[in-house]
Amino acid sequence: MSLYSEKVMDHFRHPRNIGSIADADGIGEVGNGKCGDIMKIYLKIENNIVSDVKFETFGCGSAIASSSMATEMIKGKPLAQVLQLTNKAVTEALDGLPAHKLHCSVLAEEAIKAAVKDYYDKNNIEYDHSQFPDCAICGVCEH
């Protein structure tokens, strides 16, 4: 039995939405000091909908797969729905991650939320601060 599902391996070998967006409306970067993974999410937002999303991830295969899957899950979605994305949903969409790699899906959720928060902050859009991750979790981002 393989440690990783076929979906994890597919998103690792053939990541979707990899790269950056030069004129991104929102950028979120988070990291995990213990494992060294760093994720950066770029959002292009039109009419409150994620019209494009890209990611750059420095990390293990699970981090890359989590980034890839998470971006697929939010593309074309309204921001209210994007903010409902959970690490559990990312993990389930990948048909599971080993317990010691679950933090990768947490980083994907946090990076997306940090990018949405960046968009809100840049555009002076009011928001519920409780919807966004606490920096004490990742120790890298400043949100």
Side-chain angles (χ1 to χ4, degrees), residues 1-125 127 129 131-143:
M1 183 175 153
S2 175
L3 183 62
Y4 298 103
S5 72
E6 287 183 31
K7 282 188 183 177
V8 170
M9 295 306 296
D10 182 45
H11 277 268
F12 167 65
R13 289 184 180 126
H14 311 286
R16 283 66 151 182
N17 307 308
I18 198 162
S20 62
I21 300 174
D23 60 344
D25 296 311
I27 300 172
E29 184 172 357
V30 297
N32 182 306
K34 291 181 183 174
C35 69
D37 293 339
I38 299 171
M39 285 184 193
K40 193 168 189 176
I41 300 283
Y42 301 84
L43 298 177
K44 195 71 182 161
I45 299 167
E46 295 175 18
N47 298 319
N48 222 31
I49 293 175
V50 175
S51 61
D52 196 13
V53 57
K54 301 282 186 206
F55 77 91
E56 295 175 318
T57 294
F58 177 83
C60 66
S62 295
I64 293 167
S66 292
S67 300
S68 175
M69 179 58 82
T71 60
E72 285 287 278
M73 294 173 77
I74 67 166
K75 190 181 252 184
K77 302 287 194 290
L79 292 179
Q81 192 174 345
V82 168
L83 288 172
Q84 299 304 311
L85 181 74
T86 64
N87 65 300
K88 184 178 182 204
V90 173
T91 300
E92 288 173 357
L94 289 169
D95 291 337
L97 287 170
H100 67 283
K101 294 293 184 177
L102 289 174
H103 67 276
C104 295
S105 63
V106 172
L107 285 175
E109 174 188 345
E110 289 179 348
I112 288 168
K113 288 182 177 177
V116 172
K117 182 183 180 301
D118 181 54
Y119 167 71
Y120 286 163
D121 288 342
K122 285 178 179 174
N123 292 282
N124 297 313
I125 298 170
Y127 56 88
H129 293 265
Q131 291 183 301
F132 298 94
D134 180 1
C135 219
I137 295 170
C138 67
V140 173
C141 50
E142 296 181 23
H143 49 267

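The first residue of the sequence shown is numbered 1, and numbering continues consecutively from there.
Residue Met73 is tested with Ile112, Val82, Val53, Leu85 for a side-chain contact (heavy atoms from CB on, under 4.5 Å); the sole match is Leu85. Just one residue in the list Asp118, Val50, Ile21 forms a side-chain contact (heavy atoms from CB on, under 4.5 Å) with Leu43, and that residue is Val50.
When every heavy atom of Pro15 is checked against every heavy atom of Ile64, the shortest pair comes out as CB-CG2, 4.1 Å. Ser51 and Glu46 make their closest contact through OG-OE2, 3.5 Å (heavy atoms, listed as atom of the first residue, atom of the second, distance). Taking every heavy atom of both residues into account, Leu3 and Pro98 meet most closely at O-CG, 3.6 Å. The minimum heavy-atom distance linking Ala111 with Met39 is given by the pair CB-CB, 4.2 Å. Among all heavy-atom pairs drawn from Val8 and Leu94, the shortest one is CG2-O, 3.6 Å. Across all their heavy atoms, Gln131 and Leu83 have their closest contact at OE1-CD1, 3.8 Å.
Phe55 places none of its side-chain heavy atoms less than 4.5 Å from the side chain of Lys40. Using a 4.5 Å cut-off on side-chain heavy atoms (C-beta onward), Ile27 and Tyr119 make no contact. By the 4.5 Å heavy-atom criterion applied to side chains, Lys113 and Glu109 are counted as neighbours. No side-chain heavy atom of Lys88 sits less than 4.5 Å from a side-chain heavy atom of Thr91. You'll find the side chain of Asp37 reaches within 4.5 Å of the side chain of His103, heavy atoms only.
Formation of a donor-acceptor pair under 3.5 Å by the Asp52 side chain with backbone atoms of Lys44 is not found in this model. Under a 3.5 Å cut-off, the side chain of Lys101 and the backbone N or O of Tyr4 do not form any donor-acceptor pair. Using modelled atom types, no side-chain atom of Asn48 and backbone atom of Pro78 make a donor-acceptor pair closer than 3.5 Å.
Note on residues 56-70: pairs passing side-chain hydrogen bond (donor to acceptor under 3.5 Å, both in side chains), not counting sequence neighbours, are His11-Ser68, Tyr42-Glu56, Thr57-Ser67.
Between Arg16 and Asp10 there is a salt bridge, since at least one side-chain N of the basic residue sits less than 4.0 Å from a carboxylate O of the acidic one.
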Derivation of the side chain to side chain contact (heavy atoms under 4.5 Å, CB included) call for Glu29 and Ile38: CA-CA 7 Å; Glu29 184 172 357; Ile38 299 171; 3.5 Å; yes

Worked check of side chain to side chain contact (heavy atoms under 4.5 Å, CB included) between Leu79 and Tyr120: CA-CA 10 Å; Leu79 292 179; Tyr120 286 163; 3.9 Å; yes

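How far CE of Met9 is from CD of Glu6: 10.0 Å, rounded to the nearest 0.5 Å.
Using modelled atom types, one finds a donor on one side chain and an acceptor on the other under 3.5 Å when comparing Asn17 with Thr71.
At most 12 non-hydrogen atoms from other residues, nucleotides or ligands lie less than 6.0 angstrom from CZ of Phe58.
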